[in-house]
Enquirer: 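If you scroll down you'll find the structure; I have some questions about it.
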Amino acid sequence: MAKFDEKPEQAQKQRDSDLETASSTQDFGHCYQTMLGSGMQGLCLIDKARQIVHANEIFAYWLRVNDPVLLGTSITQWVDLGERERLDAFLIDVDQDGRGEQTLNLVRGFGRRGRMVRMLGTRLEQLNGQPGIGLTMIDVSDQREVCQQLSQDVTTYRNIANFTHDWESWFDAEGHVKWINPAVQRVTGYTITRCMQMQSYPQDLFHADDRLALSQLMKEGRAGAVAHDVSLRVKHREGDLRWVSLSLQPMLTDSGEKLGFRTSIRDISERREAERALEAAKRAAEMASKAKSRFLSTMSHEIRTPMTAILGVAELMSSSQLDRTQREHVSIIRRSGDALLDLIDDILVISQSEGGQTDEKQVVFEIDHLLESVMDMVSYRATKKGLKLLTHVAASVPVRVKGDPVRLRQVLINLVGNAIKFSEQGEVVINVRPGNRAGSDRLDYRFSVSDNGIGIPPAQREAIFDAFSQVDDSETRRFGGTGLGLTICRRLVNLMGGQLELVHSDPGVGSTFAFDIPLKPVLEQGNQSVLDFDNAILKERRVVVYSHGETLRQMIQEMLIPEGVHCTAVSDHDELAQLMDVIHEVDADGQDGLCDMLLLDAEEPFPGMDVVSYATELKQRQTFHQLSFVILGLDPSPKERFALCQAGIDYVPPPLKRRAILKTLAGLLAVPGKKPLDGACESLSQGTHHQEGKEGASLRILLAEDDPDSCYVIQSFLKDAHCHLEVVTDGEQALKRFQEGTDDPLGKALPFDLIIMDAQMPVMDGYTAVHRIRSWEREQQRSPVKILAISAHGGKEGRLTSLRNGCDGHLSKPLTQRDLLAHIDFLSHRI
Ligand code: ADP
C-alpha cells in the first residue's frame with residue numbers, strides 16, 4: 001500500500017509493479033486489492049464496533065492523514081459533527097438491509113471541513129471472522145458547490161419574480177404550469193394555489209371571447225414562438241374586466257435545450273382608460289374646434305353683410321357735399337367699420353390657422369404707405385394721451401416690397417395700439433431695419449414697436465402671448481382689452497414666416513416687441529424714393545433739426561441724408577441758440593446763408609415760451625427771412641395757426657410721417673420765400689368744434705364712457721339738446737363727479753339730473769358705479785338720480801341686467817340719436 005507522504009510518481013511506479021506481480025502470479029485477490037487501493041473511489045472497512053479495519057489511500061488523502069492513523073479509529077469521528085446521527089442511522093440501515101446509500105461531509109484532520117462524499121454501504125458477513133460493513137465513496141464536493149450556487153440563484157430569481165408587479169407563469173414543454181408568482185392575485189383576484197388547481201390555466205381566467213386567441217398563443221409558446229404585448233381581457237374574481245398585455249417567451253437551457261416557456265402579463269387597465277379618455281377628449285376638442293370654426297365663419301358672414309351696407313353708404317356720403325362736422329362723423333363710421341372688418345378677418349385667420357388653412361395675399365406695397373395708414377388709425381388716441389408717435393425706417397431697406405400688407409398692418413396696429421394703451425408719456429416708435437437672414441430673392445425685415453409705458457413683469461413675458469391672457473386680470477383693471485391681440489399678432493407673424501417676440505421690457509421703463517419677416521424687394525422701377533415729387537430740390541440743402549429726443553433726430557437724419565441733404569442735428573437749447581447766432585451773423589454779412597431750413601420739435605421746451613412763440617420771435621429777426629422754419633409734430637390751436645401763418649412758419653402735424661415731412665420740406669425749398677399754409681389763413685376763423693354746455697341749459701347730464709368715438713357720437717347727438725354735458729371715462733370718476741355735482745356759472749355746485757352710464761369701463765365698471773351711487777344717495781337721503789345705462793348687450797336680457805343693477809333705462813349699442821333723445825326725454829320729462 002502506498003504511503004500518504006509518497007510522491008505521486010513513486011506511487012504510480014509501485015502500483016505498476018504490484019499489478020505486474022499480481023498478473024504474473026494470477027493472484028486476483030491481490031489484484032482487486034491493488035485496484036481498490038489505487039482508484040478514485042475511497043474505500044473503508046469497518047467492524048461491528050464501527051472501527052476502521054482497513055482504509056485505502058484516497059480515503060486517507062481526503063482526510064489528510066496517514067492510513068495507519070486511521071486504523072482502529074471510529075468512522076463516526078471522520079464525519080461532520082452535525083451529520084453523525086445521519087451516519088449512525090445509515091449504518092444501521094446497511095446492517096439491516098444489506099445495502100444503503102447516503103451523502104455526508106467528511107472532516108479533515110484537525111476538525112476542518114473536508115470532502116462531501118456519496119457513500120455506498122455493503123454489509124460484510126465475514127470481516128476478520130465477524131460481520132462488518134464495507135464503504136465505498138465517491139467525491140461529490142464539486143457537485144455540492146454547483147448545487148449551492150444553483151439554489152442561491154433559484155432563491156434570487158424567485159425573489160425577483162415574486163417582487164415584480166407583472167403576473168409571471170412558467171410552463172413546461174407540454175404546457176403544464178410549473179410556477180406562478182404572487183402578482184396573479186393582484187391581477188385576477190385568485191391565489192396561486194387556486195390557479196395551480198385550475199383545469200385550464202391560464203385560459204380559465206380570461207374573458208370568454210379572448211380564450212381562443214390565448215389558447216392559440218399558448219400552443220405557439222409550446223412550439224417555441226415569441227409574442228409581445230398582446231392585449232387581452234382578464235375576468236377578475238370580483239366580476240370586473242381588466243385589460244392586460246401578454247408577452248410570451250421560450251425557456252431554454254444554456255445549450256439551447258427547450259425547457260418550456262414563460263408568460264408575463266401586465267395589468268394595463270389604467271393605461272387603457274387614460275388612452276380612452278385622451279382619445280375622447282381629442283375627438284371632443286376636434287368637434288368643438290370644427291363647430292367654433294363654423295360658428296366664426298357664419299358669424300363673420302352675418303356681420304359682414306350689414307357692414308358692407310354701412311361702409312358703402314358712408315363712402316357714398318363722404319363723396320357728397322358735407323360740412324366739416326358731417327365729414328368727421330362719416331370718417332368715424334368708416335374708421336370704426338374698417339376696424340371691425342379687420343377684427344372679423346383676424347378672428348377668421350385664427351380659426352383658419354388652427355384648421356391648417358391659410359390665405360396668403362402677396363401684393364406689392366410700400367412700407368411707408370403702410371406705416372402711414374397704421375399711424376392714421378392710432379394717432380387720435382396717441383395725441384389724446386400726449387404721446388409722440390414716430391416711425392423710423394432705416395435708409396438701407398428697400399421700401400417697395402412684395403408681401404402681405406393686410407396682415408402686417410394688422411400686427412402693427414395691434415402692437416402700436418397696445419403701446420399707446422399701456423403708456424402715459426414718452427414716445428411710441430415703429431422701427432424698420434434689415435433683419436438677419438437673406439434668401440435668394442427675399443430679405444428679412446425687422447419690425448419693432450417700442451414704448452415708454454408700464455412694461456411687463458418678467459414672470460409674464462411669455463404668458464401674454466396666450467389667448468385671453470393679460471398682466472392685470474383683476475376685476476377692476478385699469479386697461480380695457482380682451483387679451484386676444486398678441487395671440488392674433490403671433491399667429492399672423494407666423495403666417496408671414498416670422499416669430500413675434502417681446503425683446504425687452506422693464507416695468508416702469510417700457511417695452512419693445514419685434515419680429516423678422518421675409519419680404520421681397522421690388523426694384524424694377526429703379527427708384528426707391530418714397531416721394532411722388534421731384535426730390536432733386538432737396539440735394540445739397542442745409543437743414544438744422546432741433547430735438548431733445550434722439551429718435552426724432554435720428555429719424556430726420558436717416559430720412560434727409562439719403563436725399564442729399566446736409567443735416568445738422570442739435571439736441572440742446574443753448575447749442576441751438578449759439579448756432580442761430582452764428583447763422584444770423586453770417587447772413588448779416590451778406591454771404592450765402594449757412595442754413596436753408598430749421599426744423600423744430602414741437603414738444604421741446606423753450607425757456608419761458610412755447611415753440612410757436614419761440615419760432616415766430618426768431619423768425620422776426622431780419623436776416624432769417626430767407627430761412628424756412630418748420631415745426632414738427634404740431635397740432636396748433638386756431639390762434640397759433642393764425643400766428644404761424646402771419647409769421648410764414650410751416651408745421652407738420654402729428655403723427656410725423658416721412659412723406660409728409662419730405663413733401664413739406666421740398667415744397668418750401670422749391671419756392672423760396674413762399675408763404676406756407678397757403679389757403680389755410682382763410683379757414684382760421686372757422687375754429688374747431690368743442691362740445692360745451694349751452695347757456696341757460698336746463699338739464700345737467702353726466703356721461704361716463706371710456707370709448708372716445710362713442711363719446712364723440714353721444715356729444716354730437718346732444719349738441720342741440722338743451723343740456724350741460726360733462727364727460728368722465730370710468731365708473732370711479734363718475735361716482736366722484738356725481739357726488740361733487742356740477743358747477744353753475746356762479747360757481748355753485750348743482751346736482752346732476754341724469755347720468756348716462758356705460759356698463760363696461762376700465763377701473764370701475766358702470767354697474768358697480770351705479771350701486772355705489774345708489775348707496776351714497778341712501779346715506780345722504782337724496783332722491784335717486786335718473787341713470788340711463790348703455791351697453792353692448794342688447795335685447796331683453798341686457799335691459800333686465802341694467803334694471804336689476806339699479807338703472808332706470810337701458811340702451812344697447814350702437815345708439816341712434818332718436819333713441820337717445822327719446823330715452824332722455826322720457827327719464828327727465830324735460831327735453
Ligand atoms: P389686450 O391688450 O386686449 O389685453 P393683448 O393680447 O394685446 O390683449 O395683450 C395682452 C396683455 O399683454 C395686455 O393685457 C397687457 O397686460 C400686456 N401688454 C401687451 N402689450 C403691452 C405693452 N406695450 N406694454 C405693457 N403691457 C403690454
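Quick caveat, the model's predicted, so the values are computed rather than measured. Read the numbers this way: they start at 1 and go in the same order the structure lists the ligands and their atoms. Atom set for the values below is all heavy atoms of this structure, side chains included, hydrogens, waters and symmetry mates excluded.
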Enquirer: Tell me which one of M559, R658, M555 satisfies side-chain contact (heavy atoms from CB on, under 4.5 Å) with H392.
Expert: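 With H392 as partner, M559, R658, M555 yield a single side-chain contact (heavy atoms from CB on, under 4.5 Å), made by M555.
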Enquirer: Report the part of F465 (side chain from C-beta onward, or backbone N, CA, C, O) that has a heavy atom under 4.0 Å from ligand 1; answer both or neither where that applies.
Expert: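 Contact part for F465 vs ligand 1: neither.
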Enquirer: Taking Q554 as the fixed residue, which of E550, E558, Q557 is the one that meets the side chain to side chain donor-acceptor pair (under 3.5 Å) rule?
Expert: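 Running side chain to side chain donor-acceptor pair (under 3.5 Å) over E550, E558, Q557 with Q554 returns exactly one hit, E550.
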Enquirer: Relative to the heavy atoms of G455, which atoms of ligand 1 are at a distance of less than 4.0 Å?
Expert: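 Result: 25 (C).
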Enquirer: For Q460, state whether at least one heavy atom is located under 4.0 Å from any atom of ligand 1.
Expert: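 Flag not set, Q460 not near ligand 1.
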Enquirer: Return yes or no for this condition: an N or O of G485 is under 3.5 Å from an N or O of ligand 1.
Expert: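 Yes, G485 has an N/O under 3.5 Å of an N/O on ligand 1.
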Enquirer: At a 4.0 Å cut-off, with the gap strictly under it, does some heavy atom of G453 reach an atom of ligand 1?
Expert: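 Judged by the 4.0 Å heavy-atom criterion, G453 does not count as contacting ligand 1.
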Enquirer: Please tell me if the side chains of I824 and L718 come closer than 4.5 Å, counting only heavy atoms from C-beta onward.
Expert: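 Contact flag for I824/L718 side chains = yes.
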Enquirer: Under a 4.0 Å heavy-atom limit, does D451 contact ligand 1 with its side chain, its backbone, both, or neither?
Expert: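 Just the side chain.
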Enquirer: Would you mind listing which atoms of ligand 1 come within a distance below 4.0 Å of any non-hydrogen atom of S511?
Expert: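 Those qualifying, in numeric order: 24 (N).
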Enquirer: Assess the side chains of H504 and T512: does a donor N or O sit below 3.5 Å from an acceptor N or O?
Expert: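 Looking only at side-chain atoms, T512 and H504 do form a donor-acceptor pair, the distance falling under 3.5 Å.
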Enquirer: Is the closest basic N to carboxylate O distance between R553 and D601 below 4.0 Å?
Expert: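 The answer is no: the pair does not qualify as a salt bridge.
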Enquirer: Do any N/O atoms on L486 end up under 3.5 angstrom from N/O atoms on ligand 1?
Expert: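 Between L486 and ligand 1, an N or O pair is found under 3.5 Å apart.
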Enquirer: Hey, does the side chain of R433 reach the backbone of R446 with a donor-acceptor pair shorter than 3.5 angstrom?
Expert: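 It does not hold such a pair.
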Enquirer: Any non-hydrogen side-chain atom of V401 less than 4.5 Å from a side-chain atom of K520?
Expert: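 V401 vs K520: side chains apart.
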Enquirer: For K421, counting its heavy atoms only, list the atoms of ligand 1 lying under 4.0 Å from any of them.
Expert: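 Selected atoms, number and element: 1 (P), 2 (O), 3 (O).
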Enquirer: Can you check whether N414 has an N/O within less than 3.5 Å of an N/O in ligand 1?
Expert: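 In this structure, N414 places no N or O atom under 3.5 Å from an N or O of ligand 1.
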